[in-house]
Amino acid sequence: MWAWPPRAPPFVLMRPDSLVMAAPEGSLRKRKVGGAEHSPASPSALTRDPADSPAWLHTGTFWLTRVVLLRALAFIYFVAFLVAFNQNKALIGDRGLLPCRLYLKNVQQYFHGSTGWSPWTYTPTIMWLLDWSDMNFNLDLLALLGLGLSSFVLVTGCANMILMAALWALYMSLVNVGQIWYSFGWESQLLETGFLGIFLCPLWTLSRLPKHTPTSKIVLWGFRWLIFRIMLGAGLIKVRGDKCWLDLTCMDFHYETQPVPNPMAYYLHRSPRWFHRFETLSNHFLELLVPFFLFLGRRMCVLHGVLQILFQVVLIISGNLSFLNWLTIVPSLACFDDATLGFLFPSGPRGLKKRVLEMQREDAQRVQPKPRYLGCVVRQAANISLGILVAWLSVPVVINLLSSKQVMNTSFNPLRIVNTYGAFGSITKERTEVILQGTANPNASAPDAVWEDYEFKCKPGDPWRRPCLISPYHYRLDWLMWFAAFQTYEQNEWIIHLTGKLLADDAEALSLLALNPFEGRAPPRWIRGEHYRYKFSLPGGQHAAQGKWWIRKRIGPYFPPLCLEDLKEYFKTREWPLPEPPSRHTLK
């Protein structure tokens with residue numbers, strides 16, 4: 001299972017617990033042209049007439065790398081802000097399942113009502129500066145600003161430090177008030193990746209190829225250090241965690257029991273056992289050995305990038321792990337220089353590849369040093385400061401990696417600049433699900449009461465429904481329902497809040513679900529939680545022939561039948577507004 005660190009004060013519902021680089025310039029191979037040898041970086045090679053021979057980009061520069069990195073990071077930001085815009089109001093809005101206004105008030109109370117520096121450092125968020133009377137507006141404002149800025153970077157491929165810092169601050173502001181809904185490891189990973197992305201860019205110039213601001217090698221090392229820690233942390237937590245990673249049996253269970261399976265997982269689960277053993281060994285190779293390729297020169301660094309990207313693509317194909325694997329591809333891109341990534345760009349006379357080649361030629365022919373501009377000086381100082389900061393903040397992270405008591409997905413600072421990572425340190429061996437059911441019968445214990453299932457957007461429910469395919473999008477409630485299934489409702493009070501909202505036919509809560517069985521009718525009198533065990537049907541078997549993707553068996557009750565009257569005191573003690581059922585209903 002996944003885990004994450006608790007980041008809530010004692011009075012808040014606790015959350016469940018949840019590559020460095022090769023030298024950028026390798027030795028340059030010589031090639032013979034007309035019987036004479038020329039170094040690729042020599043002026044004679046760089047000034048060769050393109051009409052006589054093809055123009056090849058040379059190793060050691062990272063102009064195109066920056067464009068690819070920025071666009072990839074902007075894409076992840078766009079998805080993350082889109083998820084926030086679509087779901088935050090129902091999750092942490094004014095009448096959300098865990099309202100962020102209450103959370104911020106609790107933080108203030110924890111610091112004795114202070115609105116000074118202490119609450120800011122504990123929960124860094126722009127929300128402290130905004131009017132709390134309409135949190136839905138504030139949440140939408142931050143999400144829409146993030147969508148707009150990330151769209152600009154994604155389309156243009158250019159950014160400056162100010163713009164990237166704004167994206168980072170906006171998303172950090174949402175993560176730090178998101179509570180359990182934003183407790184996944186990839187939230188911290190996006191913030192760390194986004195923080196490094198700030199230093200990829202010029203201070204204020206908006207250009208895809210800012211001539212006087214080459215991509216900083218310090219920042220590239222920062223990205224490689226990030227992917228190194230991500231992969232090695234994931235590998236170490238596995239061999240130190242569940243013994244099935246050592247006896248090579250974890251993949252026998254993973255596809256069926258992962259949080260949100262997709263259709264491919266249904267078929268991969270039935271792969272031969274030898275294939276599952278091969279998958280597990282390959283995982284250990286890619287997470288425990290391949291990260292060290294980053295230290296072994298340019299070619300091995302490039303090989304590392306290729307292997308890790310292919311690994312993430314396989315994970316994307318085999319499960320709905322939010323934007324985690326897409327995000328993990330981003331720092332892997334720092335393994336490639338312009339010569340490696342040139343194939344991604346057209347070769348036209350006005351294309352980026354042509355302009356980079358001209359800049360490489362100018363650089364090789366330049367005798368006088370480049371003029372220094374104020375922005376360049378500021379940025380160089382910022383990059384050096386970044387290197388020192390990352391090195392300092394990496395000390396507890398490295399200690400954690402070397403510890404036999406390693407923890408994963410933990411932040412050691414409130415800004416989440418350098419974090420620990422890991423994935424699937426333990427594997428659940430059977431899948432259980434919580435199914436919410438409602439009845440219109442006034443007597444919940446009546447033998448003739450008809451209980452109807454609510455369906456979530458993506459998590460397993462109806463055995464006849466095909467597993468969804470949504471990555472990189474993310475349904476936060478569906479993921480938390482997976483965790484709730486192997487815990488208790490007392491550990492997940494939000495599920496009782498959700499129940500109360502469904503009893504009142506609350507539109508925001510229903511927007512998080514795929515099917516309301518009482519649509520067009522009066523809301524249910526009672527809702528209960530039922531605990532089921534789920535298994536994939538056998539492809540070609542009896543159940544599959546009936547159209548079933550899943551076989552389920554009831555385990556027992558998860559929580560007893562509840563009505564709105566039962567929840568009044570429960571809601572009042574938690575300062576949740578009691579949902580009001582509609583006075584009348586229009587049949588559709």
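Residues in residues 311-321 take part in these side-chain hydrogen bond (donor to acceptor under 3.5 Å, both in side chains) pairs, two or more places apart or across chains: Gln312-Asn325. The list of disulfide (SG to SG under 2.5 Å) pairs with a residue in residues 431-507, not counting sequence neighbours, reads Cys458-Cys468. Sequence neighbours left out, not one pair with a member in residues 498-537 passes disulfide (SG to SG under 2.5 Å). Evaluation of the salt bridge (Lys or Arg N to Asp or Glu O under 4.0 Å) test over residues 423-440, restricted to residues two or more places apart or in two chains, returns Asp242-Lys429, Glu430-Arg533, Arg431-Glu433, Glu433-Lys459. Within the structure, every pair that satisfies the salt bridge (Lys or Arg N to Asp or Glu O under 4.0 Å) test and touches residues 82-94, not counting sequence neighbours, is listed here: Lys89-Asp140, Asp94-Arg101. Screening residues 510-543 for disulfide (SG to SG under 2.5 Å), with sequence neighbours left out, gives no hits. Applying the disulfide (SG to SG under 2.5 Å) test to pairs two or more places apart or on separate chains, none has a residue in residues 479-521. Pairs of residues two or more places apart, or lying in two chains, that qualify as salt bridge (Lys or Arg N to Asp or Glu O under 4.0 Å) and include a residue from residues 447-457 are Glu452-Arg521, Asp453-Arg552, Glu455-Arg465. The salt bridge (Lys or Arg N to Asp or Glu O under 4.0 Å) pairs that include a residue from residues 245-267 are Asp252-Arg277, where partners are two or more places apart or lie in different chains.
Side-chain contact between Val260 and Trp482 is absent, with no heavy-atom pair separated by less than 4.5 Å. Side-chain contact between Phe78 and Leu147: present, with at least one pair of heavy atoms (C-beta onward) separated by less than 4.5 Å. Counting only heavy atoms from C-beta outward, the side chains of Met127 and Leu139 approach each other to under 4.5 Å. Residues Leu91 and Leu512 have side chains in contact (heavy-atom distance under 4.5 Å, counting atoms from C-beta outward). Within the 4.5 Å cutoff, side-chain heavy atoms of Leu190 are placed close to those of Leu73. For the pair Val107/Tyr103, a side-chain contact is recorded, criterion being any heavy-atom separation below 4.5 Å from C-beta on. A heavy-atom distance below 4.5 Å is not found between the side chains of Phe518 and Leu503.
Here Phe536 and Trp549 keep their ring centres 6.0 angstrom or further from each other. Two rings, from Tyr475 and Tyr473, have their centers less than 6.0 Å apart.
Crowding of Phe137 atom CZ: a count of heavy atoms from other residues, nucleotides or ligands under 6.0 Å not exceeding 12. Environment of CZ in Arg270: crowded, with over 12 heavy atoms of neighbouring residues, nucleotides or ligands closer than 6.0 Å. Within a 6.0 Å sphere centred on NZ of Lys535, other residues, nucleotides and ligands contribute 12 heavy atoms or fewer.
A salt bridge links Lys238 and Glu287; the closest N-O separation between the charged side-chain nitrogens and carboxylate oxygens is under 4.0 Å.
Within the 3.5 Å criterion, the main-chain N or O of Thr280 finds no donor-acceptor partner in the side chain of Trp245. Using a distance-only test at 3.5 Å, with no hydrogens or angles considered, no donor-acceptor pair links the side chain of Glu279 to the main chain of Met251. A donor-acceptor pair is defined here as one N or O able to donate and one able to accept, closer than 3.5 Å; such a pair exists between the side chain of Ser271 and the backbone of Leu268. Here the side chain of Tyr558 pairs a donor or acceptor atom with the backbone of Ala484 at under 3.5 angstrom. Side-chain atoms of Trp550 do not come within 3.5 Å of backbone N or O of Ser537 as any donor-acceptor pair. With Thr439 contributing its side chain and Trp526 its backbone, the two residues share no donor-acceptor pair below 3.5 Å. A donor-acceptor contact shorter than 3.5 Å is absent between the side chain of Asn492 and the backbone of Trp494. Side chain of Ser188 to backbone of Arg416: no donor-acceptor contact under 3.5 angstrom is found.
Side-chain contact, Gln406 with Ser403: no donor N or O sits under 3.5 Å from an acceptor N or O. Donor-acceptor pairing under 3.5 Å is lacking for the side chains of Glu192 and Ser411.
A cation-pi arrangement is found for Arg476 relative to Tyr182, the charged atom lying closer than 6.0 Å to the ring centre and inside a 45° cone about the ring normal.
By the 30° and 60° cut-offs, the orientation of the rings of Phe483 relative to Phe486 is perpendicular. Taking the six-membered ring for Trp and thresholds of 30 and 60 degrees, His497 and Trp576 have nearly parallel ring planes, at less than 30 degrees apart.
Contacts of Asp478 classified as side-chain hydrogen bond (donor to acceptor under 3.5 Å, both in side chains), with partners at least two apart in sequence or in another chain: none. Residues forming a ring pair (Phe, Tyr, Trp, His ring centres under 6.0 Å) with Trp451 (at least two apart in sequence, or on another chain): none.
Phe323 CZ to Tyr77 OH: the interatomic distance, rounded to the nearest 0.5 Å, is 10.0 Å. Once rounded to the nearest 0.5 Å, the distance linking CG of Leu498 with CG of Leu502 reads 4.5 Å. From Asn283, atom CG reaches atom CG of Leu248 across 10.5 Å, with rounding to the nearest 0.5 Å. Atom CG of Asn400 sits about 6.5 Å away from atom OG1 of Thr410, to the nearest 0.5 Å. In this structure, CD on Gln308 lies 9.5 Å from CD1 on Ile230, to the nearest 0.5 angstrom. With rounding to the nearest 0.5 Å, the separation of CD in Gln109 from CG in Leu102 is 9.5 Å.
Paired with Phe412 under the rule side chain to side chain contact (heavy atoms under 4.5 Å, CB included), one option of Ile417, Leu393, Thr420, Ile399 passes, and it is Thr420. The ring pair (Phe, Tyr, Trp, His ring centres under 6.0 Å) test with His474 is passed by exactly one of Trp181, Trp186, Phe81, Trp326: Trp186.
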(request) Just do the side chain to side chain donor-acceptor pair (under 3.5 Å) check on His543 and Gln546 with the steps written out, would you? (result) CA-CA 5 Å; His543 296 94; Gln546 298 171 4; 5.4 Å; no
Please table the atom pairs, donor to acceptor, closer than 3.5 Å between any side-chain atom in residues 561-572 and protein atoms at least two apart or in another chain.
| residue | atom | partner | partner atom | Å |
| --- | --- | --- | --- | --- |
| Glu565 | OE1 | Lys568 | NZ | 3.3 |
| Asp566 | OD2 | Cys563 | N | 3.3 |

